[in-house]
Protein chains: 2
Amino acid sequence: MNTGTEVPRRTRIQQEKRELILEAALEVFSTHGFRGSTIDQIAEAAGMSKPNLLYYFRRKEDIHETLMLRLLDTWLAPLRELDDIGDPLTELRSYIRRKLEMARDFPRESRLFANEILQGAPRIMPLLAGDLKTLVDEKATVIKGWMRAGKIARTDPWHLIFSIWATTQHYADFDVQVRAVLGPNRGGDGRFEDAARFLEQLFLDGLKPKG
Amino acid sequence: MNTGTEVPRRTRIQQEKRELILEAALEVFSTHGFRGSTIDQIAEAAGMSKPNLLYYFRRKEDIHETLMLRLLDTWLAPLRELDDIGDPLTELRSYIRRKLEMARDFPRESRLFANEILQGAPRIMPLLAGDLKTLVDEKATVIKGWMRAGKIARTDPWHLIFSIWATTQHYADFDVQVRAVLGPNRGGDGRFEDAARFLEQLFLDGLKPKG
DNA sequence: CTAACGTTTGTCCAATCGGTCAAAAATTTG
DNA sequence: CAAATTTTTGACCGATTGGACAAACGTTAG
């Protein structure tokens with residue numbers, strides 16, 4: 001009798017080892033890109049031999065694909081939570097904050113995604129033009145409603161979302177540059193709080209002086 | 001008698017072929033990353049055999065290094081032009097516009113740079129912590145002056161620069177995603193004008209409704 | 001012409017790559 | 001316990017990689 005789970009039946013060891021491999025692969029892929037990473041590197045990072053790794057994932061690409069699919073789901077969670085119920089400005093502010101927290105807490109996921117997009121998204125293009133576009137269009141409609149209601153300034157909802165993605169993910173993807181420019185003092189752990197303060201002000205008030 | 005140029009003396013053919021190779025390498029490196037690109041690919045894109053390419057650049061890394069150094073110079077030109085003479089808001093607005101134009105006209109350069117930073121900037125780290133930091137610190141001082149004079153709102157100058165970099169380069173580095181989300185209609189050539197309009201509004205007024 | 005020099009290429013090499021395979025080792029099952 | 005199954009590994013393979021090299025080709029100067 002089938003337990004209800006679909007196609008691949010897995011033992012406890014398989015579950016654990018697969019997680020171990022995915023964790024190691026995330027580390028390697030996110031810093032060297034897909035082609036820049038080798039199975040040996042991932043195997044060593046996971047503490048096992050290459051053939052052993054290939055026992056759990058038969059091809060290098062399978063690891064990457066599993067990683068990408070799992071990532072996309074959690075990566076878009078903050079946007080999915082953007083809801084029509086609360087105060088628009090508060091909703092947007094907390095969306096920005098949550099995205100920035102993800103850049104701080106999951107920089108490897110951000111870099112893995114950035115690597116894929118940079119190279120033309122050869123493996124997830126259908127998802128971008130499909131699920132992602134649908135989700136963004138849906139949220140753009142919500143934002144448009146806020147604009148019509150006079151709750152936020154009239155502007156382009158799609159580019160607004162892009163700008164939130166760009167500014168927050170920048171602190172994960174370009175982290176080395178951010179830290180190099182800020183220097184040892186301001187580039188420490190406090191940089192994310194500084195960024196949060198700045199982004200809040202930018203998105204709410206812009207740069208025009210008060211009055 | 002020496003003509004005045006430094007160490008490597010070069011013939012006309014060498015000049016031309018080297019440019020040809022660099023152009024081809026920019027195309028290849030920017031879409032596949034350093035490790036993801038092969039000398040054969042670059043040679044083919046440049047219309048010559050691999051040994052012939054290696055006659056002009058002895059190592060793959062030499063091509064990449066030449067490309068990076070040349071890039072950084074032109075890449076930071078807009079920021080260097082940010083000057084204390086004009087009206088602050090106008091200066092910032094034209095800086096944003098110029099950076100966005102560079103993302104539109106030189107997306108490969110942007111992606112090449114992004115690739116390098118994403119992987120930890122192993123080849124240009126000293127430049128980031130050196131020349132780049134110096135330049136940004138200098139401009140941050142200028143911006144601080146504007147704030148003290150009440151010309152623009154008080155905020156963090158470094159993160160302001162980061163946000164301009166992030167939002168503008170996003171349209172080069174994440175171009176596939178931008179076009180996929182905007183769809184065939186709005187993702188056409190007009191997307192950069194839409195982005196320019198949006199960014200101007202964002203950086204000047206933010207999202208708060210007027211009044 | 002020929003010698004000298006710059007350019008181009010076919011061939012080759014060692015290293016690394018993703019992936020296979022059979023056999024050993026460990027674990028689970030009865 | 002022993003049999004069956006799952007897990008692990010050493011050895012190996014063909015393909016691709018960055019790069020070396022000498023020979024061929026082209027051009028120019030005397």
Side-chain angles (χ1 to χ4, degrees), chain A residues 1-3 5 7-29 31-68 115-116 119 122-123, chain B residues 1-3 5 7-29 31-68 115-116 119 122-123:
Chain A
M1 177 191 142
N2 198 318
T3 57
T5 52
V7 187
R9 202 182 343 167
R10 280 174 194 140
T11 68
R12 178 184 48 84
I13 288 187
Q14 277 178 353
Q15 283 287 359
E16 289 172 4
K17 294 289 169 121
R18 282 175 65 94
E19 286 306 317
L20 200 70
I21 291 168
L22 289 173
E23 157 66 26
L26 174 61
E27 182 71 29
V28 176
F29 278 144
T31 56
H32 301 291
F34 180 77
R35 283 214 48 183
S37 307
T38 71
I39 302 184
D40 282 293
Q41 277 179 318
I42 300 172
E44 194 193 336
M48 63 181 69
S49 65
K50 180 170 66 170
N52 196 10
L53 182 149
L54 287 166
Y55 169 72
Y56 293 104
F57 290 91
R58 282 154 75 175
R59 297 182 309 148
K60 179 187 177 185
E61 213 171 335
D62 290 348
I63 312 176
H64 191 261
E65 188 188 326
T66 305
L67 225 40
M68 289 296 301
N115 255 309
E116 175 72 9
Q119 305 188 356
R123 291 166 241 274
Chain B
M1 177 191 150
N2 199 316
T3 57
T5 51
V7 186
R9 204 182 339 168
R10 284 180 190 134
T11 69
R12 180 183 47 84
I13 288 187
Q14 277 179 353
Q15 282 287 359
E16 289 172 4
K17 294 289 170 118
R18 282 175 66 94
E19 287 306 317
L20 200 68
I21 291 169
L22 289 172
E23 157 66 25
L26 174 61
E27 183 70 29
V28 177
F29 279 144
T31 56
H32 301 292
F34 180 76
R35 284 214 47 184
S37 307
T38 71
I39 302 184
D40 282 292
Q41 276 179 319
I42 301 173
E44 193 193 335
M48 63 181 69
S49 65
K50 180 170 68 171
N52 195 11
L53 183 148
L54 286 167
Y55 170 72
Y56 293 104
F57 290 90
R58 282 155 75 177
R59 297 180 310 147
K60 178 186 177 184
E61 211 171 335
D62 290 348
I63 312 175
H64 191 262
E65 187 187 327
T66 305
L67 224 41
M68 288 297 302
N115 254 310
E116 174 73 9
Q119 304 187 358
R123 291 165 241 274

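Labels below follow one simple rule: chain letters A, B, ... track the order of the sequence lines, proteins then strands, and each chain is numbered from 1. Everything quoted here is computed from the prediction, not taken from an experiment. These values consider heavy atoms only, across backbone and side chains, with no hydrogens, waters or symmetry-generated copies.
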For DNA chain D, which nucleotides open and close the run of contacts to chain B, 5' to 3', at under 4.0 angstrom from a non-hydrogen atom? D/dT17 to D/dC21
Between A/Glu116 and A/Arg123, is a salt bridge (charged side-chain N to carboxylate O under 4.0 Å, His left out) present by the stated rule, with each step listed? CA-CA 8 Å; A/Glu116 175 72 9; A/Arg123 291 166 241 274; 3.7 Å; yes
Write down the distance between CD (B/Glu16) and P (C/dG6), rounded to a whole number of angstrom. 17 Å
Can you see whether A/Phe34 has B/Arg35 sitting over its ring - NZ or CZ less than 6.0 Å from the centre and within 45° of the normal? no
Test side chain to side chain contact (heavy atoms under 4.5 Å, CB included) applied to B/Leu20 and B/Glu16, step by step: CA-CA 6 Å; B/Leu20 200 68; B/Glu16 289 172 4; over 6 Å; no
State whether the number of non-hydrogen atoms from other residues, nucleotides or ligands found under 6.0 Å of B/Gln41 atom CD is greater than 12. yes
Check whether any side-chain heavy atom of A/Tyr55 sits under 4.5 Å from a side-chain heavy atom of A/Gln14, and report yes or no. yes
Reading nucleotides 17-25 of chain C from 5' to 3' and marking B where a protein heavy atom lies under 4.0 Å of the base, S where only the sugar-phosphate is that close, and - otherwise, the string is SBBBB----
Would you please name every residue forming a salt bridge (Lys or Arg N to Asp or Glu O under 4.0 Å) with B/Lys50, sequence neighbours left out? B/Asp40
Give B/Phe57 one of three labels, base, sugar-phosphate or nothing, depending on what nucleic acid heavy atoms sit under 4.0 Å from its own. nothing
Less than 4.0 angstrom between a side-chain N/O of B/Asn52 and OP1 or OP2 of C/dT7, yes or no? no
Please report the C-alpha distance between B/Leu53 and B/Ile63 in whole Å, then the side-chain angles of each, then the deciding distance to 0.1 Å, and finally whether the side chain to side chain contact (heavy atoms under 4.5 Å, CB included) criterion is met. CA-CA 10 Å; B/Leu53 183 148; B/Ile63 312 175; 3.7 Å; yes
Compute both the distance and the angle, then confirm whether A/Lys60 meets the cation-pi test with A/Phe29: under 6.0 Å from the six-membered ring centre, within 45 degrees of the axis. no
